[in-house]
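Below: one structure, written as structure tokens.
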Amino acid sequence: MKSVYAFLLFSFLMSLFVSCKKNDVTDPSNAQRPDFAYNVKAAVLLDLVNEARTKGCKCGESSMPAVPALTWNDQLGQAAFGHSEDMKQKGYFSHDGSDGSTFVGRMKATGYTPSIAAENIAFGQTTEEQVMTSWLHSEGHCRNIMNAQIKEMGAGRSGNYWTQVFGAQK
């Protein structure tokens with residue numbers, strides 16, 4: 001009987017400990033950040049993006065100042081993955097979908113209503129580090145990553161087709 005009481009006391013104390021754990025979602029590092037989503041090491045890619053954003057970097061000839069970190073958005077991840085999957089299945093590489101869709105249309109199809117939106121695509125890279133290096137060495141893609149108006153991102157990969165979608169909601 002003593003062990004039952006000890007177990008109940010332990011369970012109660014653990015539930016208090018867990019319920020009192022601080023989770024400050026104002027800090028992007030504590031917000032929703034899946035380890036793996038849509039065939040992408042999401043936490044790794046988000047960390048790489050936020051490292052560039054919080055340090056600032058050079059996009060082409062333009063020095064880009066540090067900007068706030070992004071958070072992961074699953075709707076953007078869905079839109080990104082769908083586009084990567086479409087490009088792989090249909091064997092093309094373009095910001096336009098095989099059905100004529102745009103990245104904004106694909107975002108809206110997931111229920112995301114952007115006030116600002118951007119998309120990066122890549123082909124051939126095999127790791128998050130490689131794709132991030134490619135995007136940072138492309139002025140337009142780098143500017144998307146460093147855009148201060150962007151608040152969230154999602155990404156998806158199918159084979160070696162990568163899509164990264166950025167937004168801020170209305």
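- Here the side chain of N144 pairs no donor or acceptor atom with the backbone of F166 at under 3.5 angstrom.
- In this structure, F93 shares a hydrophobic cluster with M87, Y92, I121, F123, Y161, the cluster being traced through Ile, Leu, Val, Met, Phe, Trp and Tyr side chains under 4.5 angstrom apart.
- Pairs of residues two or more places apart, or lying in two chains, that qualify as disulfide (SG to SG under 2.5 Å) and include a residue from residues 36-122 are C59-C142.
- When all heavy atoms of M146 and G56 are compared, the closest pair comes out as CE-CA, 3.7 Å.
- Residues I150 and M64 share a single hydrophobic cluster, defined by chaining ILVMFWY side chains whose heavy atoms lie under 4.5 Å apart.
- Applying the salt bridge (charged side-chain N to carboxylate O under 4.0 Å, His left out) test to pairs two or more places apart or on separate chains, those with a residue in residues 123-142 are E139-R143.
- Residues Y38 and V165 fall into different hydrophobic clusters, defined by Ile, Leu, Val, Met, Phe, Trp and Tyr side chains chained together at heavy-atom separations under 4.5 Å.
- Although no hydrogens or angles enter the test, the distance criterion places a donor-acceptor pair under 3.5 Å between the side chain of S115 and the main chain of A168.
- A distance of 6.0 Å separates CH2 of W135 from CG of L45, quoted to the nearest 0.5 Å.
- S138 meets the side-chain hydrogen bond (donor to acceptor under 3.5 Å, both in side chains) test with H141; sequence neighbours excluded.
- Taken together through direct or relayed side-chain contacts under 4.5 Å among Ile, Leu, Val, Met, Phe, Trp and Tyr, I116 and L76 form parts of separate hydrophobic clusters.
- With no hydrogens or angles considered, no side-chain donor-acceptor pair links T110 and Q75 at under 3.5 Å.
- Between the side chain of W162 and the backbone N or O of Q125, at least one donor-acceptor pair lies under 3.5 Å.
- In this structure, NE2 in H83 is found 11.5 Å from OG in S158, a value given to the nearest 0.5 Å.
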Problem set entry | Step-by-step side-chain contact (heavy atoms from CB on, under 4.5 Å) determination, R53 to I145 | CA-CA 7 Å; R53 286 178 64 90; I145 291 166; 4.3 Å; yes
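- Taking the salt bridge (charged side-chain N to carboxylate O under 4.0 Å, His left out) definition, one finds that K58 meets it with nothing, sequence neighbours left out.
- Residues that satisfy the side-chain hydrogen bond (donor to acceptor under 3.5 Å, both in side chains) test with N39, not counting sequence neighbours, are absent from this structure.
- Annotation: salt bridge (charged side-chain N to carboxylate O under 4.0 Å, His left out) contacts of R157 (sequence neighbours excluded): none.
- Using a distance-only test at 3.5 Å, with no hydrogens or angles considered, no donor-acceptor pair links the side chain of D74 to the main chain of G77.
- Between the side chain of N50 and the main chain of A69, no donor-acceptor pair closer than 3.5 Å is present.
- V104 and P114 get closest at one heavy-atom pair: CG1-CG, 4.2 Å.
- The salt bridge (charged side-chain N to carboxylate O under 4.0 Å, His left out) search around K88 returns none, not counting sequence neighbours.
- Follow the hydrophobic side-chain contacts under 4.5 Å out from V40 and you reach L70 in the same cluster.
- Contact of the F36 side chain with the P34 side chain is not registered, since no non-hydrogen atoms from C-beta on lie closer than 4.5 Å.
- V131 and L46 fall within the same hydrophobic cluster, where Ile, Leu, Val, Met, Phe, Trp and Tyr residues are linked whenever their side-chain heavy atoms come under 4.5 Å apart, directly or through other members.
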Exercise. Can T102 and H95 be said to form a side-chain contact (heavy atoms from CB on, under 4.5 Å), step by step?
Worked result: CA-CA 7 Å; T102 65; H95 288 283; over 6 Å; no
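- One side chain, Q130 or T126, offers a donor N or O that lies under 3.5 Å from an acceptor on the other.
- L48 contributes atom CG, which lies 8.5 Å from atom CG of L136 (distance to the nearest 0.5 angstrom).
- Here OG of S84 is found 11.0 Å from CD of Q89. Values are rounded to the nearest 0.5 Å.
- A 4.5 Å side-chain heavy-atom check between T127 and M132 finds every atom pair outside the cut-off.
- Residues satisfying the side-chain hydrogen bond (donor to acceptor under 3.5 Å, both in side chains) test with Q169, not counting sequence neighbours, are none.
- Partners of H137 according to the side-chain hydrogen bond (donor to acceptor under 3.5 Å, both in side chains) rule, which considers only residues two or more places apart in sequence or in another chain, do not exist here.
- The salt bridge (charged side-chain N to carboxylate O under 4.0 Å, His left out) check on E152 picks up nothing, with sequence neighbours excluded.
- Listed by first and then second residue, the salt bridge (charged side-chain N to carboxylate O under 4.0 Å, His left out) pairs involving residues 95-124 are R106-E119 (not counting sequence neighbours).
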Problem set entry | Pair M153-N73, side-chain contact (heavy atoms from CB on, under 4.5 Å): steps then yes or no | CA-CA 6 Å; M153 69 159 266; N73 182 286; over 6 Å; no
